[in-house]
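Accompanying notes for the structure given below.
In what follows, chains are A, B, ... by sequence order, proteins preceding strands, each numbered from 1.
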Amino acid sequence: MKILCVAEKPSIAKSVAYTLGGGKVTVRNSSVKYVKNYDFTFEFPGVGRCSVTMTSVLGHLTEMTIDNNRYGWGKCLPINLFDSTIIVKENGNDSKKLVQNIANEARLSNQLMIWTDCDREGEHIGWEILNAASKTNSSLTLENVWRAQFSHLERSHIISAAKNPKQLDRYAIDAVCTRMELDLRAGFSFTRFLTDLFKTNFQEIKEERRLISYGGCQFPTLGFVVDRYMRVKEFVPEEFWYISIEVKKGNRKLPMSWSRPHLFDRLAAMLLYENSLDIAKDEAEIVHIISKPTSNFKPLPLTTVQLQKDCSKFFKLSAKETLDAAEKLYNQGFISYPRTETDRFDPKTDLKNLLSKQAESPQWGGYVQELLDGKMRSPRAGKHDDKAHPPIHPICYTDFTKLKSRNEQLVYQYVTKRFIACCSDDAKGVKSIVTAKWGLETFTASGLMVLEKNYLDIYDYFKWTSTKELPEFTLGEKVKLLKADLVTGKTSPPSYMSESELIALMDINGIGTDATIAEHIEKILAREYASKQSLGESRSKKAYILPTELGCALVEGFNQIGFDNLSLSKPFLRKQLEESLAKITAKQETKNNVLDRFIELYRQAFMLSNQKQAILVKSYRHIQRRNA
DNA sequence: GCAAGGTC
């Protein structure tokens, strides 16, 4: 028997081949630079020892598109794109060669086994592989193809996956096809509509050959940026009042803060203040003293989104710069696969082995040795598992100062320190809180004493420091007030959107995936819907993403058009689509039902936008004039 | 010239 195995990417093919082949593997080049064909033998249950060829693709093999002869730009009305026929074609140059490679290998194979990632897109890629293989081997069908189910590359797990094949999940494949078709129809139709509309109405957009694109992920991303910008701009400060006291103990002054939240009613605050002043004059009583152990928790195992947020915050790298650097580190074998949603390590992971590789580092080797000598702790386990990849962690030690780019140096250091932190103990301290009563009002002061920094010794990206020790009070003690004031302040506006906040918002709202969030942000910048700006005092300048006039005009225009609560620039539509796709996978809805419903929804939105296109034009004119 | 999703 001959078995053909195909993985989603070369790294998986190589690793699985060497695991199953037990080291006895011969390698052949394919016509694609990164893709190799591995030959070995393996004993599959029921069929005995088989000769196996393992190869891979490079992600999706195909993409959907429209027939340009019939439905090209200018050859039909944009609204016709909602019921145009759709063509599936190979994407890019290499896919043709990859399909050819699979077809060649499948010709003499008795069985096909799919080794793509265990996620929705992975099922679809498996289906694309099957279609490629069927070109030369008509005995292969969706029903009889083997699907390996694996979530990491540990030896026994891979062997068990090889011996217990499942089937491809046709419902997951349906869900992906649904997403592809909707994104294509909505994206193309609205992009053509908007581009043509703005070209006819704005000379500069025509001259600069600007593209005004719409995408189901681009617009909600822009929506977040504009939304925040408007909240900052329209912010009206409000006055509030609170009581502030300072007590005296020995020769120490201790400011204490009011237990009530800030009051927005001056009279109410005044009454409370005068009440206490009448009752207690300048004396307060210590009514509660507590000292309790407290911890500062070490971070969770690292996901892609968290990596991007942190590298933006700590090193001011853009999400794309971070992912690019992580990919280079991955390709050099320094870190694990950088696109993952998993924030818990599989219990079988040999963490000690991974950790021990870092012991030779001049920067953190000493710390790591202490962990290996007994201070090592199990990482925390988060709630997310994408069933395809482990959290991002270093694979082997490398002298990061010799890495090619500064970004790679920063990302390698960060990934490694984060991993070491995960294997460390939480930071420990003691928190003291003292409560005083002045009249009828209570006030507190707190202090922190850090006892063991533990993980913070290595994960030095933020601080957790001891405060000045609180004076020693006794319960019931009367203390003199040095000050008791009714203070007024003003609420301050939120800050503009930082990239790390934007990533977090996209993640929470399901806009894009770990692999594409960075691209969507780049896209709204490339389209000049938004731009990056450095704001703040010279010493503490921070980078923010601010919308351009065009970006504001598009979002506000669409908001004004109003689409029955499903505005194109809000995240809800994407969220609903994601929910419906999940229902297809769960067999609670059919692909055709979801397609019909969303195509109709987009078509209605399109007709309304077309009918009210003057609003979009006016919105841009208005903003241009206002800022002129 | 257009989308979003994989990956190199």
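Every side-chain contact (heavy atoms from CB on, under 4.5 Å) that A:Ser405 has, sequence neighbours left out, goes to A:Asn407, A:Glu408. The salt bridge (charged side-chain N to carboxylate O under 4.0 Å, His left out) check on A:Glu128 picks up nothing, with sequence neighbours excluded. Annotation: side-chain contact (heavy atoms from CB on, under 4.5 Å) contacts of A:Asn131 (sequence neighbours excluded): A:Trp127. By the side-chain contact (heavy atoms from CB on, under 4.5 Å) test, A:Gln613 is found to be paired with A:Phe193, A:Leu197, A:Asn610, residues two or more places apart in sequence or in another chain being considered. Remark: A:Leu505 engages A:Phe224, A:Met497, A:Asn509 in a side-chain contact (heavy atoms from CB on, under 4.5 Å) (not counting sequence neighbours).
Residue A:Arg185 is classed as having no contact, given no heavy-atom separation below 4.0 Å to the nucleic acid. Within the 4.0 angstrom heavy-atom criterion, no nucleotide atom of any strand lies near A:Lys328.
Contacts between residues 407-416 of chain A and DNA chain B, defined by a heavy-atom separation below 4.0 Å, involve no residue at all. Of the residues in residues 62-72 of chain A, those with a non-hydrogen atom less than 4.0 angstrom from any atom of DNA chain B are A:Thr62, A:Glu63, A:Met64, A:Ile66, A:Asn68. Taking every heavy atom of residues 213-220 of chain A and every atom of DNA chain B, pairs under 4.0 Å involve A:Ser213, A:Tyr214, A:Gly215, A:Gly216, A:Cys217, A:Gln218, by number.
Residue pairs meeting the salt bridge (Lys or Arg N to Asp or Glu O under 4.0 Å) criterion with at least one member in residues 323-342 of chain A, sequence neighbours excluded: A:Lys320-A:Asp324, A:Glu327-A:Arg339. Every pair tested for salt bridge (Lys or Arg N to Asp or Glu O under 4.0 Å) that includes a residue from residues 186-201 of chain A fails, sequence neighbours excluded, so the list is empty. For residues 301-311 of chain A, the pairs satisfying salt bridge (Lys or Arg N to Asp or Glu O under 4.0 Å) are A:Asp310-A:Arg418, with sequence neighbours left out.
In summary, contact between chain A and DNA chain B, defined as any nucleotide atom under 4.0 Å from a heavy atom of the protein, begins and ends at B:dG1 to B:dC8 in the 5' to 3' direction.
Side-chain contact, A:Thr303 with A:Gln306: no donor N or O sits under 3.5 Å from an acceptor N or O.
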